[in-house]
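Have a look at the structure below before the remarks.
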Amino acid sequence: MEYDPSVIEEKWQKFWRKKNTFKTSYPSQLAKFYVLDMFPYPSGAGLHVGHPLGYIASDILARYKRHKGFNVLHPMGYDSFGLPAEQFAIQTGQHPSITTESNISRYRQQLDRIGFSFDWDQEIRTSDPKYYKWTQWIFIQLFNSYFNLDTNKAESITKLINTLSREGSANINAARHKDQNCSAKEWAEMNTSSREEFLQQFRLAYRSKSMVNWCPELGTVLANDEVSEGYSVRGGHPVSQRMMMQWSLRISAFAERLLSGLENLDWSDSLKETQKNWIGKSNGAFVKFNVIDSSNKSIEVFTTRPDTIFGVSFLVVAPEHSIIKEITIPSQKKEIESYQKTTKKRSERERQTNVKNISGAFTGSYAKHPVTGEKIPIWISDYVLLGYGSGAIMAVPGHDGRDWRFAKHFKLPIIQVVDGGDVQKSAVEGKEGKIINSNFLNGYEVKDAIWKALENMKKNNWGSPHVQYRLRDAVFGRQRYWGEPIPIVYRDGVPETVDLSELPLKLPEVDSFLPTKDGDPPLARAKDWNLSKNLIRETTTMPGWAASSWYFLRFMDPKNSTTFADQQKINYWNQVDVYVGGSEHSTGHLLYSRFWSNFLCDLGLIPFSEPFKKMVNQGMIQGVSAFVHRLNNSQTYVSSNSIKGRLTQRIPVDIKLINERNELNISGFKNWLPEYKDSEFELNDGILTVEREVEKMSKSKHNVISPDSICDDYGADALRLYEMFLGPITQSKPWDTKGINGITGFLRKSYRLLEKDRSDIESLGEKKIVHKLIDKVTRDMDSLSFNTSISAMMIAVNDLTGLKEIHINSLKAFTIILSPFAPHLAEEMWELLGGETSISREPFPICNNEYLQEDLIKYPVQFNGKTRFFIEVRFDMKAKEIEQEVLNHEKTQNYIQGKSIKKIIIVPKRIVNLVII
RNA sequence: GCCCAGGUGGCGGAACUGGUAGACGCGCACGACUCAAACUCGUGUACCUCUGGUGUGCGGGUUCGAUUCCCGCCCUGGGCACCA
C-alpha cells in the first residue's frame, strides 16, 4: 500500500462534492466564523502558484475552525469586471462577457484541483446583473444621502431638503465641496435644475470636476501607470492633464471615522500606518495672503507650520489654480502660460516623484505678508498640487526641503526662523528647536510656537485653524464599457437616479468597445440607450472597486433578489473574522470597503461599521527565471559559466526547460519556439548551463509555474503543504519546485505510520510527541504562520516513526491535526483508521500541558556571554542549587583561571552566565 | 521623492517577551539496501589560518548577554489615488 495522491485526491474531491461536505449551514446554533479571501479577477493567464497562497492559508484556517466546532462561511467568487477583458474585446471584437466566462471556468477548474473547502453554492460574480443590481442600488443610496457633521453620520438627503425649505442653509453643518448658501425663500424660488445644483455640494455621490490623464487618441482617461513621460504606455500617444466633469464619492466626509476606526482592528501596524498616511490627517491652518495692487484678490494657503510664518519668503500656487489668470502681469504672461502647458504633460505621479527637477515661473505679482506686511513674490510650480489643501502654499525655504530647493534654484531669500543648522546650506526640517527672527514667537519651542501662532491668527484675523485630510473624494466614473452602468438619467441636463424598479440597469450591447468619434464613452454607442431627447442616460461606468466594496456582504446571501442581503443573515454572519489578501490592496480596496460599510451602517442596513476584524496580507511568490546566453550576432549559445568576457545577449527561456542542475534541455529548447530551431550550442560534456534570477512571476518572463502542473506531479496536498512550508505567509519568497520532495517524503511517512504495530496503551513518550504538536499547531493558527506548524508535524512524524508501536489514539490525533493542511490524505487515513464519515468535523485534539513538561533541562553555561559547556539538571532545581552545580563543575575552573566571579546570572529554564573579571 | 515591508549557511527559512544562532526541509557528501537505477533508510553538512577564532546587510551604541533594543547608512521588494 503506497501513497498515491492521484487516486486519493480524486476520490475525496468526488466524495466532498457528492456529500456537499462544506455546505454552509444557516440557520445554525453554532458560533459562526467568517473567513474570506480577496476574490480574484479572472485573467486570461490563469492561476500561477502565487495566487493560491492566501487561499490555502485561509482554507487551512476554515478547516481548522470546523474541527473546532464553528459554523464556517468560506466562500469564493469572481471580481469579473475589469480592464483586461475589455482590452481583449477591443482587439478581437469578442464580447468581454464571453472572455470572462471562459476565464472563470478555467479558474474554477484550477481551484477545484487544490481541494479547497469553499461552498460553491455561495459563489458570486460581480459582472452578473443579479449582483450589480445591488451595487447600483447602493450607489443610489449614496446619491440620496449627505453627511451631517452634527451627528457625524450619513443621513437622508430628504432631511436636508426639509431643512432647506424650512430655514435655508444657514444652520446646515454638513460635508460639502462648495460653499453655496441660500435662504428658505431662495430655496423655494429655485427651479429643479438650480436645486439639484445646490444639492450636489452635499450628496455623497456627486458630480464635480477633477484632474485626469486624458489621451485624445485613445479617447479615454488613463491610470497613472498607463502613462509614461507624457505618452500612453499602450500605443505611445500623447497624454495631457485635463479637468473633467465626473461622478465622485464623498469618502472625505468619513476621513475621521476611517482613521479612528482603525484603532480596534486586528490589523498589522504597518497596514494601519499605510491607511493612516493615506487618510493623512494634518492639523494646521489656512492663512490668507492679500494680493498687492488691483481689486481685493487673496490667496489662501494651508500650512501645518504656522510657527514659521516669519520665514515665508514667497508663495507657490499650483499651475492649474484659477487665480493665476487674474494675477499674472502682462510681461510674465507668456512665461506662465508656457509653464502651464508643460505641466499639463506631467502626470501627478511624475510631479510627486521627480522632485530634483526644479521648475516654476513667476507671476510678476506680490502678496502682502499678513503679519509683517512685507512684499512676497507669487510663483507657480508643479510641486504644488491643486488637489491638496487650497492648491497654494506659503514657502518657508529655511525649513522645508522642497521650498529650499526651489528658493536656491530661483535665488529667492531663505530666512531662518528655527535655530540649529545653517539654512543657507540645507533646510532645517525637524520640529525641534527654538523660534528666532519671529517677533512675538521668538524663544518658543516649535511645539509651543505652533499653538501660539494659531492663537495669534485667530485674534488678529490673519488665518483660521483647520484640520486637513489628504484623503480625496474618490472619482467614480470610468470611460469604459466593462463595468456597472451608473444608474443615472439626465432630465434636461439634471441628474436623477433611475427608478428602483428598473434595476438592474443592464449593460447595453454596443457595436464596438471603443469611445465614439466625439470622445464619448462606449455606452454612448448603444442603440436606444437614451430614453428621449431630454432624457439622456449616463454613459460612464463604475470603477473596479465599486463591486468589491461590499461583496463580503453578498456572500452571506448571494441569491437574494429582494434585498442586497437578508438582515437576519447579516446579523448572524456579521463581520469577516479573518480576511486574507495581498498588501497591494492595503489602501484602495480596504479603504473603500470600510467607507461603504460605514455608510451602510449609518443607514441602519448593517450592524457594524468595520467589515474586516482581522486582516492578513500574504506575500508574493516570485518566480525563478532562467536565461541562456547567446553570442552577439550569432545563433550560438554558450554556458553561463563560460562567457569569459565574450559579448552575449541574455534571453529568457521557459523555466520548464531547465533541470535541477541549471542545465538546459537542448532538444526541448529547439522545439520550444520556431526561432530557436536552428540554434547551435557550445557544450561542456554535452551540457549547457543557464543563469537564474528571482523576479515577479509573469508570462513574459517564462517563469510561471501553474498549480495544475504541481498537482499533476506531486498532488494537491503536496502543493498546499509546500506553499505553506516556504515561509511565513506575510513574506515574499521565490518558488523553487525542487524543495517539494521534502513534502512528499513527509506525506509518505505520515501514510506509512498506519503500517506500524499498534499498542494497547498510549505511552508517555507518544503523548509527549502528540501534545507538543497540538500545542505548536494551535498556537500557529492565529498568525497563519503555517511553516512552523508543518515543521512541527515533520518532527512529530519522525519521532512517531522511531517508536516501536503506536496507539490508535495517537494516530487519530495526528490525522486530525494533519487534515486542515493535507485534507485528502487525512480523509484517506481517517477511513483506514475506521472513520465512517468525513474527518472534516472531528473535534480537534486539545493540548494537555502536563505532557509538555520536560524532566531534565539542559542549561548552556556561559562565561561573559560565551557558551562554553552544558549542564543538565532536573526541571525543578532551584537557582541556588544550579549555581552550586556550575561552580562545582570540573570545567568551570578552566574558564575562571585566577579571575574572580563578579556575578552569576541564572535565567530559569534558559541560561547560566558567569561574569568574570 | 514620500510611505510600508524585508535583508540570517549553497537555497527556502527557525529562534516565544534580550538568553545555546542556523529548528524543519531542499541541496550536497558518504554509507546501507539493490545486478543496477529509482525509492527508502542511516550519518555528516555556517565559515576560517580549527585545543582556538569569526559569524544574522554595513558602521556605531546600550547590556552580563543583541538576529531581537537605540542611532546613522546601504541594498531589495510593494504602494503612491483610472491595473486589479
Side-chain angles (χ1 to χ4, degrees), chain A residues 2 38 40-41 43 79 81-84 87 210 212-213 220-227 246 251 268-271 273-274 276-278 280 348-349 351-356 383 387 401-402 470-480 543-545 548 582-589 591-592 617 619-620 622 660-661 694-696 722 725-728 730-736 738-743 745-746 748-749 752 779 785 787-788 790-795 798 801 858-867 870 902-905 907 909-917:
Chain A
E2 261 302 307
M38 285 184 185
Y41 171 77
S43 85
D79 191 10
F81 273 133
L83 218 44
Q87 206 50 47
S210 55
V212 296
N213 299 313
T220 190
V221 175
L222 297 175
N224 278 336
D225 66 318
E226 294 176 303
V227 184
Q246 308 226 65
I251 187 174
S268 72
D269 288 342
S270 71
L271 183 51
E273 191 64 25
T274 307
K276 274 183 202 163
N277 290 332
W278 191 259
E348 194 170 296
R349 175 90 59 91
R351 286 167 64 170
Q352 284 173 65
T353 307
N354 202 351
V355 297
K356 288 201 172 117
Y383 80 91
R402 286 164 311 178
R470 202 178 73 103
L471 184 68
R472 302 204 290 254
D473 283 345
V475 176
F476 199 70
R478 299 287 184 268
Q479 287 66 38
R480 316 274 189 191
W545 53 265
S548 58
S583 58
E584 66 274 22
H585 301 282
S586 49
T587 47
H589 162 60
L591 212 54
Y592 297 133
N617 286 133
M620 254 194 348
Q622 295 147 318
E660 294 171 4
R661 285 175 294 280
V694 171
E695 55 191 346
K696 204 168 164 171
Y722 188 50
F725 187 62
L726 281 177
T730 51
Q731 223 164 283
S732 288
K733 54 240 152 184
W735 178 270
D736 183 0
K738 265 193 279 185
I740 206 166
N741 291 328
I743 293 294
F746 162 72
R748 235 180 258 128
K749 274 192 220 169
R752 238 184 281 128
R779 279 191 290 120
S785 282
N787 52 331
T788 48
I790 294 167
S791 51
M793 285 191 267
M794 288 171 166
I795 293 168
N798 288 342
T801 304
K858 198 168 150 196
Y859 278 90
V861 180
Q862 302 186 331
F863 292 82
N864 290 340
K866 289 191 175 169
T867 306
F870 299 92
K902 193 184 156 202
K903 200 174 169 187
I904 300 177
I905 294 148
V907 183
K909 294 183 185 170
R910 291 282 181 207
I911 206 167
V912 179
N913 188 15
L914 285 81
V915 185
I916 53 176
I917 36 170

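Since this is a predicted model, take the numbers as computed values, not measurements. Every chain is numbered from 1, with letters handed out A, B, ... down the list of sequences.
When each of Lys733(A) and Gly742(A) is assigned the nucleotide of RNA chain B bearing its nearest heavy atom, the one mapping closer to the 5' terminus is Lys733(A). Map Leu271(A) and Lys858(A) each onto its nearest nucleotide of RNA chain B; the residue landing nearer the 5' end is Leu271(A).
We find that CG of Asp79(A) is positioned 15 Å from P of C82(B), with the value rounded to whole Å. Rounded to whole Å, atom P of C2(B) lies 19 Å from atom CG of Asn224(A). Nucleotide G52(B) holds its P atom 13 Å from the CZ atom of Phe863(A), rounded to whole Å. Remark: C1' of C4(B) and CG of Leu591(A) are 15 Å apart, rounded to the nearest angstrom. As rounded to whole Å, 18 Å separates atom P of C24(B) from atom CG of Asn741(A). Atom CZ of Phe476(A) and atom C1' of A81(B) are 15 Å apart (whole Å). Rounded to whole Å, atom C1' of A23(B) lies 11 Å from atom CG of Asn787(A). Protein atom NZ of Lys276(A) is 17 Å distant from nucleotide atom C1' of A5(B), rounded to whole Å.
Atom name P, nucleotides C80(B) and U17(B): the rounded distance is 32 Å, in whole Å. The separation of U68(B) from G61(B), taken at their C1' atoms, amounts to 15 Å, rounded to a whole angstrom. Distance check on atom P: C74(B) versus G59(B) gives 15 Å, rounded to whole Å. With P as the reference atom, G60(B) and C11(B) are 25 Å apart, rounded to whole Å. Taking atom P on both nucleotides, G55(B) is separated from U67(B) by 10 Å, rounded to a whole Å. One P atom belongs to G52(B), the other to U40(B), and the distance between them is 40 Å to the nearest Å.
Among the nucleotides G25(B), C82(B), C4(B), the one closest to any side-chain atom of Gln246(A) is C82(B). Comparing atom distances between the Met794(A) side chain and each of C82(B), C24(B), G19(B) picks out C24(B) as nearest. In this structure, the nucleotide among U20(B), C24(B), A81(B) sitting nearest to the side chain of Ile795(A) is C24(B). Side chain of Pro728(A), nearest nucleotide from C82(B), G13(B), A84(B): G13(B). Taking every side-chain heavy atom of Phe725(A) into account, G12(B) is the closest of C4(B), C3(B), G12(B). Checking C26(B), U20(B), A23(B) against the side-chain heavy atoms of Lys738(A) singles out C26(B) as nearest. Taking every side-chain heavy atom of Thr867(A) into account, U20(B) is the closest of U20(B), C82(B), A81(B).
Closest heavy-atom contact between Tyr859(A) and Lys909(A): OH-N, 2.8 Å. Of all the heavy atoms in Arg472(A) and Ile251(A), the pair that sits closest is O-CG2, 3.2 Å. Residues Thr867(A) and Pro860(A) come closest through the heavy atom pair CG2-CB, 3.8 Å.
For the strand RNA chain B, secondary-structure stems (runs of at least three Watson-Crick or G-U pairs, all distances below 3.5 Å) span B:1-7 with B:74-80, B:10-12 with B:24-26, B:27-32 with B:40-45, B:46-48 with B:52-54, B:57-61 with B:69-73.
Contact check, Asn798(A) against G25(B): a side-chain N or O comes under 4.0 Å of OP1 or OP2. Distances shown here put a side-chain N or O of Arg478(A) below 4.0 Å from the OP1 or OP2 atom of C82(B). When the side-chain nitrogen and oxygen atoms of Arg748(A) are compared with OP1 and OP2 of C39(B), none of them lie within a distance under 4.0 Å. OP1 or OP2 of G13(B) has at least one side-chain nitrogen or oxygen of Gln731(A) nearer than 4.0 Å.
With sequence neighbours left out, Arg480(A) forms a salt bridge (Lys or Arg N to Asp or Glu O under 4.0 Å) with Glu226(A). By the ring pair (Phe, Tyr, Trp, His ring centres under 6.0 Å) test, Tyr592(A) is found to be paired with Trp545(A), residues two or more places apart in sequence or in another chain being considered. Checked against salt bridge (Lys or Arg N to Asp or Glu O under 4.0 Å), Arg779(A) has the following partners two or more places apart in sequence or in another chain: Asp775(A).
Residue contacts for Lys749(A): at a heavy-atom cut-off of 4.0 Å it reaches the sugar-phosphate backbone alone, with no base atom in range.
More than 90° away from 0 lies the glycosidic angle of G65(B), which makes this nucleotide anti.
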Next item on the list: Would you give a per-nucleotide map of nucleotides 70-78 of chain B, 5' to 3', where B means the base has a protein non-hydrogen atom under 4.0 Å away, S means only the sugar-phosphate does, and - means neither?
Entry: ---------

Below 3.5 Å between N/O atoms, which protein atoms pair up with nucleotides 63-68 of chain B? Just atom names and distances, please.
unit_1 : atom_1 : unit_2    : atom_2 : d
C64(B) : O2     : Asn913(A) : ND2    : 2.3

